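Take a look at the structure set out below.
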Amino acid sequence: MSVRYTVKVRGGAAAAIAAALVLTLAGCGDDGQEKAPRSTPAAKKGSDADAQAQPSASGSQSSAPPQVLATMNGESGVVLTVNSAARDAGGFLTVSGQIKNTGEKAFGNTAAWRGNELNASGVSIAGVNLVDKAGKKRYYVLRDTEGRCLCTTGVVIIEAGQSVPFFAQFPAPPATTSEVEFNFPTFASASLKISG
């Protein structure tokens, strides 16, 4: 982090300000480790090989593929893979995974994924839901105070060969529920084991 200040100070105040700046900048230091760039859906498009070649920031790279809870085939060669259905400490259940276009053409039929309701999220996967068959209850994606879904937004087109990460957060079913049915518009339903 680089910070430049031009300050006209006299006497002992200059030493105090310099010490404060040194402490502030030391707190922003990089502890000697390289930081991995943040991944975005656009950056992931051609970087799968690059990501495998780079070591993780912690120095320990896992060669094991991510866990697969379910794989669902959609239209035009789009494949949805669920990697996690985990309870969070705050009483939520987060489902996450990847949507990959295995077809030869760009896929743009994502409007159905937001569901029937009009919401502040715009293009999103707000139409997904969970069903607790044992508890006979359906769970919808959570919303923030402005009505936006706590889920992936902005997926309009998925290019051929592109993978896009997704997530959706729900109220957590009771602790006695260990399995739910995951419904994602335009895909067949899948049964998910809950972890955590």
Side-chain angles (χ1 to χ4, degrees), residues 38-45 47-48 51-52 56 62-103 106-117 119 121 123-144 148-196:
R38 289 190 178 199
S39 176
T40 62
K44 282 192 163 212
K45 182 175 176 182
S47 67
D48 288 343
Q52 291 174 358
S56 64
S62 173
S63 60
Q67 179 181 12
V68 175
L69 298 181
T71 301
M72 298 143 40
N73 294 320
E75 53 192 42
S76 302
V78 176
V79 178
L80 184 138
T81 303
V82 179
N83 300 115
S84 173
R87 293 180 191 274
D88 299 331
F92 308 113
L93 177 71
T94 303
V95 176
S96 60
Q98 300 281 321
I99 305 168
K100 183 170 185 174
N101 181 358
T102 64
F107 178 78
N109 189 20
T110 62
W113 297 353
R114 72 173 173 230
N116 293 329
E117 79 179 278
N119 58 61
S121 302
V123 179
S124 68
I125 64 163
V128 300
N129 64 73
L130 299 176
V131 175
D132 175 2
K133 290 184 176 181
K136 298 181 180 177
K137 190 166 184 181
R138 183 179 301 267
Y139 295 91
Y140 295 95
V141 175
L142 291 168
R143 309 275 185 229
D144 67 13
R148 292 184 299 250
C149 74
L150 298 181
C151 68
T152 299
T153 60
V155 180
V156 178
I157 294 176
I158 304 174
E159 298 294 337
Q162 182 183 14
S163 287
V164 177
F166 80 88
F167 83 97
Q169 197 167 49
F170 304 89
T176 54
T177 300
S178 61
E179 192 170 325
V180 289
E181 181 182 273
F182 181 58
N183 299 301
F184 195 116
T186 73
F187 292 89
S189 298
S191 183
L192 304 179
K193 294 274 188 194
I194 299 173
S195 62

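Quick caveat: nothing in here was measured; it's all calculated off a predicted structure.
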How about L142 and C149: do any of their side-chain heavy atoms sit closer than 4.5 Å?
-> no
Can you tell me how far the CG atom of L192 sits from the CG atom of L69, to the nearest 0.5 Å?
-> 6.0 Å
Given side chains that start at C-beta, do those of K137 and T177 come closer than 4.5 Å, heavy atoms only?
-> no
Does the pair V95 and L130 meet the rule for a side chain to side chain contact (heavy atoms under 4.5 Å, CB included), with working shown?
-> CA-CA 10 Å; V95 176; L130 299 176; 4.2 Å; yes
About how many Å separate SG of C151 and CZ of R114, when rounded to the nearest 0.5 Å?
-> 12.0 Å
Passes side-chain hydrogen bond (donor to acceptor under 3.5 Å, both in side chains), T186 versus E75? Steps please.
-> CA-CA 7 Å; T186 73; E75 53 192 42; 5.1 Å; no
Any donor-acceptor N/O pair, T110 side chain to V156 backbone, under 3.5 Å | yes
Residue pair P185 / A112: nearest heavy atoms and the distance that separates them | CB-O, 3.3 Å
Heavy-atom pair with the smallest gap, counting every atom of N183 and R138 | ND2-NH1, 3.9 Å
F170 and V141: CA distance, side-chain angles, deciding distance, side chain to side chain contact (heavy atoms under 4.5 Å, CB included) verdict = CA-CA 5 Å; F170 304 89; V141 175; 3.7 Å; yes
To the nearest 0.5 Å, tell me how far Q98 CD sits from S163 OG.
-> 5.5 Å
Hey, what do you get for CG (N101) to CD1 (I157), rounding to the nearest 0.5 Å?
-> 11.0 Å
Can you name the nearest heavy-atom pair linking L93 to R87, along with the distance?
-> CD1-N, 3.8 Å
Verify side chain to side chain contact (heavy atoms under 4.5 Å, CB included) between F184 and I99, making sure each step is shown before the conclusion.
-> CA-CA 11 Å; F184 195 116; I99 305 168; 4.0 Å; yes
Non-hydrogen atoms of K100 and G161 that approach each other most closely = CE-O, 3.8 Å
Kindly indicate whether the side chain of Q67, heavy atoms from C-beta on, has any atom under 4.5 Å from the side chain of N83.
-> no
What pair of heavy atoms forms the shortest contact from E159 to A106, and how long is it?
-> OE1-CB, 3.6 Å
To the nearest 0.5 Å, what is the distance between OG1 (T102) and CZ (F107)?
-> 11.0 Å
Does the side chain to side chain contact (heavy atoms under 4.5 Å, CB included) test come out yes or no for V180 and I194, once each step is laid out?
-> CA-CA 7 Å; V180 289; I194 299 173; 3.9 Å; yes
Quick one: sort the F166 and F182 rings into parallel, tilted or perpendicular, breaks at 30° and 60°.
-> parallel
Rounded distance [0.5 Å steps], CZ in F92 versus CG in L150 = 7.5 Å
Which atom names give the shortest non-hydrogen contact between Y139 and P174, and what distance separates them?
-> OH-CD, 3.5 Å
